[in-house]
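Following: one structure in structure tokens, then a few remarks.
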Amino acid sequence: MTFRFVLPLSDTDLQALIATYTHGKKPALRRRAHAIVLSHQGHTINQICKILSVTRETVSLWFDAWEAHGLEGLSDKPRTGRPSIYSDEERERLRALIEEQPHQLKAIQAQLQQETGKCSSTMTIKRALKKTGYSFKRARRSLKERRDETDFRNTQGLLAELQRWEARGEADLYYFDESGFSQSSVLPYAWSPVGYPRKMPAYSRSQRLNVLGFLSRQGKLIYHSTTDTVTTEVVIDAFDHFITCKSPDTFAIVVMDNASVHRSALFQRKRLEWLNQRVYVIYLSSYSPELNLIEILWRKVKYEWLPLTAYESFHSLRHHVQKVLSGYGREYRISFV
């Protein structure tokens with residue numbers, strides 16, 4: 001019986017093949033390179049078929065491709081794929097329709113079919129939209145249209161300078177804001193078996209835990225929590241608590257938004273008093289929540305760090321929120337680079 005083997009490999013070819021079947025990105029290319037190495041090592045085609053679970057014809061084709069074109073011959077050739085069902089003009093029409101009704105894919109599918117006479121599935125419509133640069137994401141509310149861009153850029157420059165002060169040890173920079181937690185809050189995404197989505201009790205009403213926090217880029221978090229409504233008096237209590245926690249010799253700059261409870265006459269009087277305790281309050285430009293870094297903390301807590309079991313009762317929710325916040329800087333961290 002005649003056995004077929006590949007021609008003897010040079011050291012360079014052998015090392016290239018070993019590197020390919022060990023670290024190659026594509027499984028098919030790794031298998032083909034492995035087959036050539038096995039043949040070089042003296043394995044017959046039948047033995048290679050058993051090792052790689054392929055047919056004799058397949059291994060023979062790999063040998064031919066290697067001997068004709070080397071390693072390049074083992075790679076898959078570019079494939080043209082199935083022609084698109086829609087022409088460039090029809091894809092432009094699809095884009096126009098999606099701009100009119102961005103959340104009504106089935107209505108767009110019916111309209112496009114009526115205009116072009118072409119019947120396609122919603123999956124085909126989705127693929128066509130992706131090819132034209134569209135993606136399917138939840139719509140978001142934005143305040144950008146209402147803000148003063150010049151004021152926004154100036155505030156960005158001020159924050160950058162304050163961060164340089166912080167880096168030089170001239171001041172501690174904190175970002176202040178309030179956030180609420182309740183059992184009726186939007187739940188985070190979670191993995192579950194297909195057909196059996198995770199279910200949590202529905203609450204039409206729930207107590208609300210309000211947290212007022214001071215966050216620094218250096219991993220410090222000082223917070224005050226309450227079940228009372230957030231008023232100017234509550235905010236002042238949080239600032240008084242903050243002052244007792246910071247070093248009396250440290251100059252602290254607190255950045256905050258323009259909420260009405262932050263702009264009241266009572267708060268402005270306290271703001272002047274706090275200067276004597278080396279605390280200076282700076283307001284962000286209006287409608288610029290992305291400039292307040294503590295917003296990142298609230299999102300992390302609500303959608304990543306709180307377990308689903310936290311929402312089973314208000315007592316559990318309060319316990320877990322306190323646990324996460326008290327563990328910030330150790331178990332929980334945010335890197336502001």
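Keep in mind that what you see is a predicted model, and the values were worked out from it rather than measured. All residue numbers in this chain count up from 1 along the given sequence.
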Checking R31 against V54 for the side-chain contact (heavy atoms from CB on, under 4.5 Å) test, could you report, in this order, the C-alpha distance in whole Å, the side-chain angles of both residues, the deciding distance, and whether it holds? CA-CA 10 Å; R31 294 175 73 198; V54 293; 2.9 Å; yes
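- For W274 and F242, the ring centers are positioned 6.0 Å apart or more.
- Between the side chain of R93 and the backbone N or O of L112, no donor-acceptor pair lies under 3.5 Å.
- The local environment of NZ in K77 is crowded, with over 12 non-hydrogen atoms from other residues, nucleotides or ligands closer than 6.0 Å.
- With N258 contributing its side chain and L284 its backbone, the two residues share a donor-acceptor pair below 3.5 Å.
- Here the side chain of S326 pairs a donor or acceptor atom with the backbone of Q322 at under 3.5 angstrom.
- Counting all heavy atoms, side chain and backbone alike, E67 lies closest to V6 at OE2-CA, 3.7 Å.
- Residues R32 and D76 are paired through a salt bridge, judged by an N-O separation under 4.0 Å between the basic side chain and the carboxylate.
- Residues S225 and L212 are not in side-chain contact: their nearest non-hydrogen atoms beyond the backbone lie 4.5 Å or more apart.
- Listed for the R30 side chain is a donor-acceptor partner under 3.5 Å among the backbone atoms of G24.
- In the model, Y175 has no side-chain atom that pairs as donor or acceptor with a side-chain atom of S216 under 3.5 Å.
- At a cut-off of 3.5 Å, with distance as the only test, no side-chain donor of S316 or S313 sits close to an acceptor on the other residue.
- Other residues, nucleotides and ligands contribute more than 12 heavy atoms inside 6.0 Å of the CD atom of E149.
- Looking at heavy atoms from C-beta onward, C49 lies in side-chain contact with V59 at the 4.5 angstrom threshold.
- When each of I236, V235, V230 is checked for a side-chain contact (heavy atoms from CB on, under 4.5 Å) with T232, only I236 meets the rule.
- Of the possible polar contacts, one joining the T116 side chain to the K118 backbone as a donor-acceptor pair under 3.5 Å is found.
- The aromatic rings of Y174 and F214 sit perpendicular, their planes meeting at an angle over 60°, well past the 30° parallel limit.
- Using modelled atom types, one finds a donor on one side chain and an acceptor on the other under 3.5 Å when comparing H262 with E178.
- Separating the CD atom in E89 from the OG atom in S87 is a distance of 4.5 Å, to the nearest 0.5 Å.
- Closest non-hydrogen pair, K246 versus A252, comes out as CD-CB, 3.9 Å.
- Taking the ring centre of F336 as origin, the terminal cationic atom of R217 falls outside the region bounded by 6.0 Å and 45° from the ring axis.
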For L97 and E100, what are the C-alpha separation, side-chain angles and deciding distance, and is it a side-chain contact (heavy atoms from CB on, under 4.5 Å)? CA-CA 5 Å; L97 291 172; E100 295 174 6; 4.1 Å; yes
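- In D11, the CG atom is not crowded: 12 or fewer heavy atoms of neighbouring residues, nucleotides or ligands sit closer than 6.0 Å.
- When the side chains of ILVMFWY residues are joined at heavy-atom separations under 4.5 Å, either directly or via intervening members, F176 and Y280 end up in two distinct hydrophobic clusters.
- Between H320 and P307, the closest heavy-atom pair is CD2-CG, 3.4 Å.
- For the residue pair Q113/Q109, the side-chain donor-acceptor check at 3.5 Å is not satisfied.
- Counting non-hydrogen atoms of other residues, nucleotides and ligands closer than 6.0 Å to CZ of R146 gives a total of 12 or fewer.
- Between the T155 side chain and the D151 main chain, a donor and an acceptor come within less than 3.5 Å of each other.
- Under a cut-off of 6.0 angstrom, the local environment of NE2 in H241 is crowded, with over 12 non-hydrogen atoms contributed by other residues, nucleotides or ligands.
- Under a 3.5 Å cut-off, the side chain of S39 and the backbone N or O of V37 do not form any donor-acceptor pair.
- Following chains of ILVMFWY side-chain contacts shorter than 4.5 Å, one cannot reach F251 starting from I243, and the two form parts of different hydrophobic clusters.
- A side-chain donor-acceptor contact under 3.5 Å links T20 to the backbone of A16.
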Let's go through Q111 and E115 carefully: what are the C-alpha distance in whole Å and the side-chain angles of both, what is the deciding distance for side-chain hydrogen bond (donor to acceptor under 3.5 Å, both in side chains) to 0.1 Å, and is it a yes or a no? CA-CA 6 Å; Q111 179 69 22; E115 294 182 9; 2.6 Å; yes
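- The two atoms that bring R95 and Y134 nearest to each other are NE-CE1, 3.6 Å, heavy atoms only.
- Salt-bridge annotation for K220 and D172: present, with a side-chain N of the basic residue lying under 4.0 Å from a carboxylate O of the acidic one.
- Rounding to the nearest 0.5 Å gives a distance of 7.5 Å between NZ of K26 and OG of S75.
- Residue-environment remark: NZ (K323) stays at or below the threshold of 12 foreign heavy atoms within 6.0 Å.
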Are R263 and S260 close enough, and set up right, to give a side-chain hydrogen bond (donor to acceptor under 3.5 Å, both in side chains), and what steps lead you there? CA-CA 5 Å; R263 285 286 193 178; S260 58; over 6 Å; no
List the steps and the verdict of side-chain contact (heavy atoms from CB on, under 4.5 Å) for L306 and V321. CA-CA 7 Å; L306 280 183; V321 170; 4.0 Å; yes
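- Looking only at distances, a side-chain donor or acceptor of N154 sits under 3.5 Å from a matching main-chain atom of T150.
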So S192 and R198, side-chain contact (heavy atoms from CB on, under 4.5 Å) or not? Walk me through it. CA-CA 6 Å; S192 60; R198 298 190 183 279; 3.6 Å; yes
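- Taking the side chain as every heavy atom from C-beta outward, S120 and I125 approach each other to under 4.5 Å.
- Of the inter-residue distances, the one linking I253 atom CD1 with L159 atom CG reads 10.0 Å to the nearest 0.5 angstrom.
- L74 and F5 end up in different hydrophobic clusters when Ile, Leu, Val, Met, Phe, Trp and Tyr side chains are linked at under 4.5 Å.
- By the rule that hydrophobic residues join a cluster once side-chain heavy atoms approach within less than 4.5 Å of another member, I294 and V254 end up as members of separate clusters.
- At a threshold of 4.5 Å between non-hydrogen side-chain atoms, the residues T132 and L94 do not count as touching.
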Take K302 and S179, measure what side-chain hydrogen bond (donor to acceptor under 3.5 Å, both in side chains) needs, and give me the verdict at the end. CA-CA 10 Å; K302 292 180 178 180; S179 188; 3.1 Å; yes
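- Here the side chains of F63 and I45 are in contact, with some heavy-atom distance below 4.5 Å.
- Considering only heavy atoms from C-beta on, D148 stays 4.5 Å or farther from Y287 through its side chain.
- Counting heavy atoms from C-beta on, the side chains of T227 and R208 never come closer than 4.5 Å.
- Between L317 and Q183, the shortest heavy-atom distance links the atoms CD2-N, 3.9 Å.
- Side-chain contact between D177 and M256: absent, with no pair of heavy atoms (C-beta onward) separated by less than 4.5 Å.
- In this model, no donor atom of one side chain and acceptor atom of the other lie less than 3.5 Å apart for E304 and Y332.
- Close placement of the F239 and F267 rings is indicated, their centers lying within 6.0 Å of each other.
- In this model, a donor atom of one side chain and an acceptor atom of the other lie less than 3.5 Å apart for S184 and S182.
- At distances below 3.5 Å, not a single donor-acceptor pair connects side-chain atoms of N292 with backbone N or O atoms of E295.
- Here the OG1-CG distance, from T44 to L38, works out to 10.0 Å after rounding to the nearest 0.5 Å.
- The minimum heavy-atom distance linking L105 with I98 is given by the pair CD1-CD1, 4.5 Å.
- A single hydrophobic cluster is not seen to contain both W62 and L7; linkage of ILVMFWY side chains at heavy-atom distances under 4.5 Å, directly or through other members, places them apart.
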